[in-house]
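Throughout, a chain's letter reflects where its sequence line sits, starting with A, and its residues are numbered from 1.
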2 protein chains.
Amino acid sequence: MKILIVEDEPKTGAYLRQGLTEAGYVVDLARDGFDGLHLAVGGDYDLVILDVMLPGLDGWQLLSGIRRKDPDLPVLFLTARDQVDDRVKGLELGADDYLIKPFAFAELLARLRTLLRRGRATNEPTVLRVADLELDLLRRRVLRGGRRIELTAKEYALLELFMRRRGEVLPRSLIASSVWDMNFDSDTNVVDVAVRRLRLKVDEGFEPRLIQTVRGMGYVLDEPE
Amino acid sequence: MKILIVEDEPKTGAYLRQGLTEAGYVVDLARDGFDGLHLAVGGDYDLVILDVMLPGLDGWQLLSGIRRKDPDLPVLFLTARDQVDDRVKGLELGADDYLIKPFAFAELLARLRTLLRRGRATNEPTVLRVADLELDLLRRRVLRGGRRIELTAKEYALLELFMRRRGEVLPRSLIASSVWDMNFDSDTNVVDVAVRRLRLKVDEGFEPRLIQTVRGMGYVLDEPE
DNA sequence: GTAGAGCGATGAAGATCCTGATCGTCGAAG
DNA sequence: CTTCGACGATCAGGATCTTCATCGCTCTAC
């Protein structure tokens, strides 16, 4: 897997290169937008990581340049916290994902895997859908009836679990172990409380109710018949 | 490495056995205190994991039985949340570490590694000390001037980093990456705030001040000359 | 049908952690 | 020596998550 990084700040660039190389990717690094564009369109990469703030060509110009030549090349945007609103712009222009600096390296690797696995042709599903509830795995976004719903990290993890295993009754212990890495059913009701919070955001005021309690067993997410 | 688990609850026992076996340990499982004691004293184990609540012999009786035969065998206590005060009793009776259920499996593995690495004979240091500040790696306890100091998870991780690298000036970026797994110096001051909280607990009201700021570089923990 | 136990739902409080703003201080340049 | 800018300290506010206590419902046993 060959990845191009376009990043002007030397420290961040070097760090990314080192980390990704150690993770087994082949990595090239471009220092500005011009080099970036040049390499991206000619270099046969599987993925491009793109800093929004760049000298020369900025991130968006670079992105549209890439899209003109290669509409399918996965592009991941790096944006700083105070440019968060720019991510919308990036996604509209055809970026496939974004990440806000600072971020955990593990997080970056996870996103990369998703993007690369989806691949150019294979088109594995990136959006899970149950009734009018949608979960966009790449953008980490949730929509219900077309409306955006903001979820916290745990809520998102919980919902993703539910949707990936739609229709299955998930015992609390399973939920605890996959969302919390807790594996002992002692006297905690974290799962219950988390499910309640998720319900408030995702089910409250909507029809049909998707998250259902199965007494003595656990919870399911599904469309009731 | 051979580990004995003494645990009566079948689900927890099975889970532990499976997880530890997958992690490469050889695992035996005893269902009650009598079997546990019998196996422990005769079975040539490197470590024993012990549930406090047991039918037959309880955890402490078992522990003192073990200690009579083998004073050095590492023992890790499992205690439920509402028995937390019992952990003191356990440690006084010669347990080497304790873990509160529910806990993350990764946490258990980390503790095991520490206990096993220390080994029976090798006696690697398990307490870090600078001036009158002590950090007990096994018990995850911190003492200053003999007084117990309660730290949160992040505070503990930060202090451990400082003490393991006593005297070294640690740049913020290094701290961020080891305590937070964040690797980008953007506009956050989490490190500063965390250092402040740690200082309040560890340095405030004591002499000498151990956590020092090195302008433009980062922080050090050391005894000033 | 009724009582009781167990299970889940709910609400509130508390702990921890992060963000953002402001204030103070150190050091260099003039 | 004074001024200014950069860096760090500090504080308040808020978000998230967990714990705990209580309430209500369901199911079962009698």
### Query
Quick one: A:Leu200 CG to D:dC17 C1', roughly how many Å, whole number?
15 Å
### Summary
side chain to side chain contact (heavy atoms under 4.5 Å, CB included) with A:Leu16: of A:Ile3, A:Leu78, A:Leu29, only one passes, and it is A:Leu78
### Query
What's the CG-P distance between B:Leu158 and C:dC18, to the nearest Å?
11 Å
#### Entry: Rounded distance (Å) that lies between atom P of C:dC26 and atom CE of B:Met217
18 Å
### Task
Kindly say if B:Thr188 contacts the phosphate of C:dC18, meaning a side-chain N or O under 4.0 Å from OP1 or OP2.
no
### Out of D:dT18, D:dA9, C:dC17, whichever nucleotide has its closest atom nearest the side chain of B:Arg199
D:dA9
### Task
Look at B:Glu204 together with B:Arg199 and state whether they make a salt bridge at an N to O cut-off of under 4.0 Å.
no
## Note on the structure
With the side chain defined as heavy atoms from C-beta on, A:Val190 is closest, among D:dA9, C:dT10, D:dT18, to D:dT18
#### Entry: Upstream residue (5' side of DNA chain D) when A:Glu155 and B:Val195 are each assigned their closest nucleotide
B:Val195
### Message
With a 4.0 Å cutoff (strictly under), does any side-chain N or O of A:Arg172 reach OP1 or OP2 of C:dG8?
### Response
yes
### Task
May I have the distance from A:Leu151 (atom CG) to D:dC17 (atom C1'), rounded to whole angstrom?
15 Å
### Task
Starting from P on D:dT18, measure out to CG on A:Leu198 and report it in whole angstrom.
14 Å
### Query
Should the pair A:Glu150-A:Lys201 be classified as a salt bridge under the 4.0 Å nitrogen-to-oxygen rule?
no
### Task
Select base, sugar-phosphate, or nothing to describe what A:Ala194 touches, counting heavy atoms under 4.0 Å on all strands.
nothing
#### Entry: Nucleotide C:dA15, atom P - distance to CD of B:Glu150 in whole Å
12 Å
### Query
Donor-acceptor pair under 3.5 Å: do we get one between A:Asp192's side chain and the base of D:dT19?
no
### Distance below 4.0 Å between A:Arg197 side-chain N/O and C:dT10 OP1 or OP2
no
### Query
Any idea how A:Phe105 and A:Tyr15 line up, ring-wise: parallel (<30°), tilted (30 to 60°), or perpendicular (>60°)?
perpendicular
### Message
Does a side-chain N or O of A:Arg196 approach OP1 or OP2 of C:dT10 to a distance below 4.0 Å, or not?
### Response
yes
## Note on the structure
Testing C:dC7, C:dT25, D:dT19 for proximity to the side chain of B:Arg215, the answer is C:dT25
### Message
Heavy atoms from C-beta onward define the side chain here; which of D:dG8, D:dT19, C:dT19 lies closest to that of B:Tyr219?
### Response
D:dG8
### Message
Under a 4.0 Å threshold between the charged nitrogen and the carboxylate oxygen, would A:Asp222 count as salt-bridged to A:Arg166?
### Response
yes
### Query
Of the nucleotides C:dT16, C:dT10, D:dT10, which one has an atom closest to the side chain of B:Asn189?
D:dT10
### Message
Taking 4.0 Å as the cut-off, does a side-chain nitrogen or oxygen of A:Thr213 come that near to OP1 or OP2 on C:dA9?
### Response
yes
#### Entry: Length of the line joining B:Ile175:CD1 and D:dG8:P, which is rounded to integer Å
11 Å
### Task
Check the distance between C:dG8's P and A:Leu170's CG and give it to me in whole angstrom.
14 Å
### Which nucleotide in C:dC17, C:dT10, C:dG20 has an atom nearest any side-chain atom of B:Lys154
C:dC17
#### Entry: B:Asp97 and B:Arg140 ion-paired at < 4.0 Å
no
### Query
Choosing from C:dG11, C:dC18, D:dT16, which nucleotide comes nearest the side chain of B:Trp180?
C:dC18
